[in-house]
Undergrad: 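Encoded as structure tokens, here's the structure I'll be asking about.
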2 protein chains.
Amino acid sequence: MSPKVNNQYKRNKELEILQSAKNVFIRKGYLKATMQDIIVEAGISRGAIYSYFNNIEHIFEELLKLEDEKDIIYFEIEGLSSFWDQLIEWIRLQQRNIVSTNNKFLLCKTEFFLTKHLQSNKTYNPYVIKRYERLVSSITNFIDRGIEKKEIYPLKSSKAIALYIISFLDGLMLDTFNLGMEVTEVNDQIDVVIFTLENILCPIK
Amino acid sequence: MSPKVNNQYKRNKELEILQSAKNVFIRKGYLKATMQDIIVEAGISRGAIYSYFNNIEHIFEELLKLEDEKDIIYFEIEGLSSFWDQLIEWIRLQQRNIVSTNNKFLLCKTEFFLTKHLQSNKTYNPYVIKRYERLVSSITNFIDRGIEKKEIYPLKSSKAIALYIISFLDGLMLDTFNLGMEVTEVNDQIDVVIFTLENILCPIK
DNA sequence: ATTAAAATAGACATTGGTGTCGTTTTTGAT
DNA sequence: ATCAAAAACGACACCAATGTCTATTTTAAT
């Protein structure tokens, strides 16, 4: 009688596999990546990997969860600076993400959601919706706090403005990925959107 | 001695196959669609289809060309109404496209470009760039005509505004497809973007 | 009606991946 | 050192799709 093996070990191996998988996804995209690829990248055997994950879709979903854990929603941190400064800082952060090359995995996510949805007809993925709504409410609440603190006097509803910002950034991200930042002129566009936000949020001074 | 067969016939068959292919793409998405599917949908033999197209990527590219022929760029038609009315009318058209289900093929295109780019690393697709720039310059020129006619007094460059509009609509399209129009609240967002355009274009009256 | 080229059919070999399963190795409690 | 359970291995049977190739049918000019 002697049941076996460490508990932390399994989790580590799992994370190791997920990291290898991420490399593969970034290199090949979601749909073109194969179990084979991940097996090679992780330097593990077929049998082993299947004892951790059922299939490649499962792996991607676990990876998503993992990334979400890391994902600190910026606006949930109570800011020290003014509303406007914090907003602009966040937009600049997004700008840097769009331009940098580590948006690759972001694009894999887009591919994943897109193809998943294109297959399983008509039904929207509740997980994706939850993610989106979390971001929306985090920005909405941020705007609401700005109103409470009397730093802004928005001319449209907080939520509509939040949704608007997200759409714009998603579109800019997608187009820039497909076309390059020279073609989409990211900086000019960000400049425009900041201008429009000033007009719609009406920050004091 | 007697060479053979009608010439128009071939083209018709080609168009027929492309239409079937489009149905398949809409139903399954680009990457999940197979030659098999198209063969069945078109009710044609394996041998026949391969005498028209080399592979499924080839089919999709031909389909793209075909769709582009149909694609009338709205702004290239000289409008009868005022600048502002014409702009709003176009945005409403986009709004309807986003909400309607025939954005499915639009999403297949996105999937195609995305995965194509995710594979062939780093290099942007010149065809996609051409398409994008055509749209950009068509909107830009439209705005410029508005300026000439003294109907608007924009506070940012025409091109930056054009790019901004496209990004926003692309993002809204993508998110709405993935999440549904109830979640993205399309109408409210369109309302916001029109408001911002009024502030940035400064139409007379 | 004949005929040769073109168009179509569908069987086939091949490829590239999947998930399973029996075997071997490793693990850590005793 | 022993031992049973857990973990890892990798061969394998299977599947779905591809593109090719030979045979058959259709076409329209003669």
Side-chain angles (χ1 to χ4, degrees), chain A residues 1-21 23-25 27-63 108 111-112 115-116 118-120, chain B residues 1-63 108 111-112 115-116 118-120:
Chain A
M1 69 275 309
S2 37
K4 282 309 121 37
V5 170
N6 191 316
N7 46 0
Q8 184 60 16
Y9 177 88
K10 276 230 114 180
R11 180 60 182 165
N12 282 347
K13 199 89 192 182
E14 213 169 285
L15 292 176
E16 221 176 294
I17 294 172
L18 288 177
Q19 181 54 51
S20 300
N23 294 340
V24 172
F25 288 132
R27 180 151 29 87
K28 303 190 64 178
Y30 168 66
L31 268 170
K32 288 279 172 172
T34 68
M35 273 298 207
Q36 207 74 306
D37 294 326
I38 299 172
I39 285 165
V40 172
E41 175 86 18
I44 203 179
S45 80
R46 201 159 193 80
I49 206 169
Y50 273 95
S51 83
Y52 289 91
F53 304 99
N54 305 326
N55 50 47
I56 206 164
E57 188 177 344
H58 183 195
I59 292 183
F60 196 89
E61 281 164 358
E62 289 305 311
L63 198 47
C108 285
E111 191 194 2
F112 175 76
T115 51
K116 189 136 199 231
L118 270 163
Q119 293 162 239
S120 65
Chain B
M1 67 277 307
S2 38
K4 283 306 124 35
V5 171
N6 191 316
N7 46 0
Q8 183 61 15
Y9 177 87
K10 277 230 115 182
R11 181 58 181 164
N12 282 347
K13 199 92 192 178
E14 214 169 286
L15 293 177
E16 221 176 293
I17 294 171
L18 288 178
Q19 182 53 52
S20 300
K22 189 176 175 185
N23 295 340
V24 172
F25 288 132
I26 286 173
R27 178 151 29 88
K28 303 191 62 177
Y30 168 65
L31 270 169
K32 288 281 172 171
T34 69
M35 272 298 207
Q36 206 74 306
D37 295 327
I38 300 172
I39 286 165
V40 172
E41 174 87 19
I44 203 180
S45 81
R46 202 160 193 80
I49 206 170
Y50 274 96
S51 84
Y52 288 92
F53 304 99
N54 304 326
N55 50 48
I56 205 165
E57 187 178 345
H58 183 196
I59 292 183
F60 196 89
E61 282 163 358
E62 290 304 311
L63 198 49
C108 284
E111 191 193 3
F112 176 76
T115 50
K116 190 139 199 225
L118 269 164
Q119 292 162 241
S120 67

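Basis for what follows: all heavy atoms, side chains included, without hydrogens, waters or symmetry-related copies. Since the structure is predicted, the reported quantities are computational estimates derived from the model, not experimental observations. To find a chain, count down the sequence lines: A is the first, B the second, and so on, and within it residues start at 1.
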Undergrad: Using a 4.5 Å cut-off on heavy atoms from C-beta on, say whether the side chain of B:Gln36 contacts that of B:Ile39.
TA: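 Sidechains of B:Gln36 and B:Ile39: in contact.
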Undergrad: Find the distance B:Met35:CE to C:dT14:C1' and express it as a whole number of Å.
TA: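 Atom-to-atom, B:Met35 to C:dT14, this comes out as 17 Å.
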Undergrad: Please round to 10 degrees the angle between the axis of the first five pairs and the axis of the last five pairs in the helix from C:dA1-D:dT30 to C:dT30-D:dA1.
TA: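 Result, rounded to 10 degrees: 10°.
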Undergrad: Give the minimum heavy-atom separation between A:Val24 and A:Ala33, together with the two atoms involved.
TA: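 The answer is CG1-CB, 3.7 Å.
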Undergrad: So, for A:Lys32 and B:Leu31, which heavy atoms are closest and what is the spacing to 0.1 Å?
TA: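 Heavy atoms of A:Lys32 and B:Leu31 come nearest at CE-CD2, 3.9 Å.
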Undergrad: Could you tell me which non-hydrogen atom of B:Leu18 sits nearest to which non-hydrogen atom of B:Ile59, and how far apart they are?
TA: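 Heavy atoms of B:Leu18 and B:Ile59 come nearest at CD2-O, 3.7 Å.
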Undergrad: Find out whether B:Glu61 and B:Lys116 are in side-chain contact, i.e. whether some heavy atom of one side chain is under 4.5 Å from a heavy atom of the other.
TA: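 Side-chain contact under 4.5 Å: yes.
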Undergrad: Is a side-chain donor-acceptor pair under 3.5 Å present for B:Asn23 with B:Gln19?
TA: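 Judged by distance alone, the side chains do pair up.
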Undergrad: Please tell me if the side chains of B:Ile44 and B:Lys13 come closer than 4.5 Å, counting only heavy atoms from C-beta onward.
TA: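 Yes, their side chains come closer than 4.5 Å.
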Undergrad: Check whether any side-chain heavy atom of B:Thr34 lies under 4.5 Å from a side-chain heavy atom of B:Asp37, and answer yes or no.
TA: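 The answer is yes, as the side chains (C-beta and beyond) meet within the 4.5 Å cut-off.
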Undergrad: Is any side-chain N or O of A:Lys13 closer than 4.0 Å to OP1 or OP2 of D:dA8?
TA: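 Yes.
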Undergrad: When you measure from every atom of DNA chain C, which of residues 41-56 of chain B have a heavy atom less than 4.0 Å away?
TA: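 Heavy-atom cutoff 4.0 Å gives B:Ile44, B:Ser45, B:Arg46, B:Gly47, B:Ala48, B:Tyr52.
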Undergrad: Nearest-Å distance, CD (A:Gln36) to P (D:dC15)?
TA: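 Between P of D:dC15 and CD of A:Gln36: 18 Å.
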Undergrad: Pairs in or reaching into residues 38-63 of chain B: which pass ring pair (Phe, Tyr, Trp, His ring centres under 6.0 Å), with residues at least two apart or in two chains?
TA: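 Only B:Phe25-B:Phe60, B:Tyr30-B:Phe60, B:Phe53-B:His58, B:Phe60-B:Phe105, B:Phe60-B:Phe112 qualify under ring pair (Phe, Tyr, Trp, His ring centres under 6.0 Å).
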Undergrad: Please report the distance, rounded to the nearest Å, between CD1 in B:Ile38 and P in D:dA16.
TA: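 Answer to the nearest Å: 18 Å.
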Undergrad: Write down the distance between NZ (B:Lys10) and P (D:dA28), rounded to a whole number of angstrom.
TA: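 Atom-to-atom, B:Lys10 to D:dA28, this comes out as 14 Å.
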Undergrad: CD of A:Gln8 versus C1' of C:dT27: gap in Å, rounded?
TA: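 Distance check: A:Gln8 CD to C:dT27 C1' gives 16 Å.
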Undergrad: Once you round it to whole Å, what is the distance between P of D:dA8 and CD1 of A:Ile39?
TA: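 In whole Å, D:dA8 P lies 13 Å from A:Ile39 CD1.
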Undergrad: Rounded to whole angstroms, how far apart are CD1 on B:Ile59 and P on D:dT18?
TA: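 Taking CD1 of B:Ile59 and P of D:dT18, I get 10 Å after rounding.
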Undergrad: To the nearest Å, give me how far apart CD (B:Glu16) and P (C:dT8) are.
TA: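 Taking CD of B:Glu16 and P of C:dT8, I get 10 Å after rounding.
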